[in-house]
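Down below is the structure, laid out as structure tokens.
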Amino acid sequence: MLRGARGKQQTQVPKRSCNVMVFSIGGLKLAARTEDVEEVSPWIGSIPVPSRTPFVQAMLKRKNLVMPVYELATRLSRKLQGDPLLCLIVRHIDGPMAICIDAEMPSLETVDAMEIRSNDRGDIETIGTVTIAGNDVAIVALQRLGRAIRGTVTH
């Protein structure tokens with residue numbers, strides 16, 4: 001329960017809609033919660049680094065921040081499309097992370113939270129699937145991306 005400014009109690013209203021950003025990786029439409037996205041900007045070259053973390057083989061320097069590059073296209077067995085490619089800066093649980101996405105400009109959509117369905121997609125971590133413009137679109141769990149496969153790394 002929330003308290004109003006004058007001490008009156010207010011009931012908490014359940015969230016009925018969810019804002020998502022729709023983007024594409026190799027032509028595959030995906031979505032992400034807008035609160036998990038920091039920025040979308042033109043892609044700049046990354047710096048290859050040795051790594052044992054699956055799908056993280058490079059770093060990106062932007063402003064005064066150095067962050068890992070998560071190779072989502074590689075994970076999904078897709079080839080990025082368009083020129084110039086775009087950079088999606090993600091608010092990951094372990095800190096900012098960069099993902100290279102297709103050149104197609106992402107769009108913002110508002111979806112009914114009750115329309116989000118669970119899915120059994122095994123190739124990436126998702127929150128669920130929602131229908132946008134007649135197509136089923138997976139909502140990627142950007143905050144947890146890559147965490148489920150960490151245990152599969154051999155040292």
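- The shortest distance between side-chain heavy atoms of V20 and I132 falls below 4.5 Å.
- Here the options are L76, V22, I139, the test is side chain to side chain contact (heavy atoms under 4.5 Å, CB included), and the partner is L30; only L76 passes.
- Every pair passing side chain to side chain donor-acceptor pair (under 3.5 Å) that includes a residue from residues 107-116 is listed here, sequence neighbours excluded: N19-T110.
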Report, one line per pair, each donor and acceptor closer than 3.5 Å where one atom sits in a side chain of residues 78-87; sequence neighbours left out.
| residue | atom | partner | partner atom | Å |
| --- | --- | --- | --- | --- |
| R78 | NH1 | G26 | O | 3.2 |
| Q81 | NE2 | G26 | O | 3.4 |

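- The CG atom of L145 sits 12.0 Å away from atom CD1 of I93, with the distance rounded to the nearest 0.5 Å.
- Grouping the Ile, Leu, Val, Met, Phe, Trp and Tyr side chains by contacts below 4.5 angstrom, directly or via other members, places V40 apart from V137.
- Judged as a side chain to side chain contact (heavy atoms under 4.5 Å, CB included), and not counting sequence neighbours, A103 has no contacts.
- Separating the CE atom in M67 from the CZ atom in R62 is a distance of 6.5 Å, to the nearest 0.5 Å.
- Of the charged side-chain nitrogens involved, none lies within less than 4.0 Å of a carboxylate oxygen, so that E125 and R144 do not count as a salt-bridged pair.
- Contact check for V90 versus Y70: no side-chain heavy atoms found under the 4.5 Å cut-off.
- Interatomic distance, OG of S77 versus CD1 of I25, reported as 12.5 Å (0.5 Å rounding).
- Between M21 and L88 the shortest side-chain heavy-atom distance falls below 4.5 Å.
- Note: the hydrophobic cluster containing L72 also contains V56 (ILVMFWY, side chain heavy atoms under 4.5 Å, direct or indirect links).
- I101 and S24 get closest at one heavy-atom pair: CB-O, 3.7 Å.
- Under the 4.5 Å side-chain criterion, counting only non-hydrogen atoms from C-beta, I124 is in contact with R75.
- Among residues two or more places apart in sequence or in another chain, the side chain to side chain contact (heavy atoms under 4.5 Å, CB included) test is passed with S46 by W43, A58, L60, V69.
- Cluster membership for I44 and I99, using ILVMFWY side-chain heavy atoms within less than 4.5 angstrom, is shared.
- The shortest non-hydrogen separation linking A31 to F23 is C-CE2, 3.9 Å.
- Of all heavy-atom pairs spanning G27 and D102, the tightest one is N-OD2, 2.8 Å.
- From L65, atom CG reaches atom CD1 of I89 across 7.5 Å, with rounding to the nearest 0.5 Å.
- For the pair E39 and K63, the salt-bridge criterion is met [side-chain N within less than 4.0 Å of a carboxylate O].
- Under the 4.5 Å side-chain criterion, counting only non-hydrogen atoms from C-beta, L142 is in contact with V37.
- Side-chain atoms of E104 and K29, non-hydrogen and from C-beta on, do get closer than 4.5 Å to each other.
- Annotation: side chain of V66 is not in contact with side chain of I47 (no heavy-atom distance under 4.5 Å).
- Sequence neighbours left out, the pairs with a member in residues 127-141 that pass salt bridge (charged side-chain N to carboxylate O under 4.0 Å, His left out) are R117-D136.
- Listed by chain and residue number, R33 satisfy the salt bridge (Lys or Arg N to Asp or Glu O under 4.0 Å) test with D36 (two or more places apart in sequence, or in another chain).
- Between E38 and R91 there is a side-chain heavy-atom pair separated by less than 4.5 Å.
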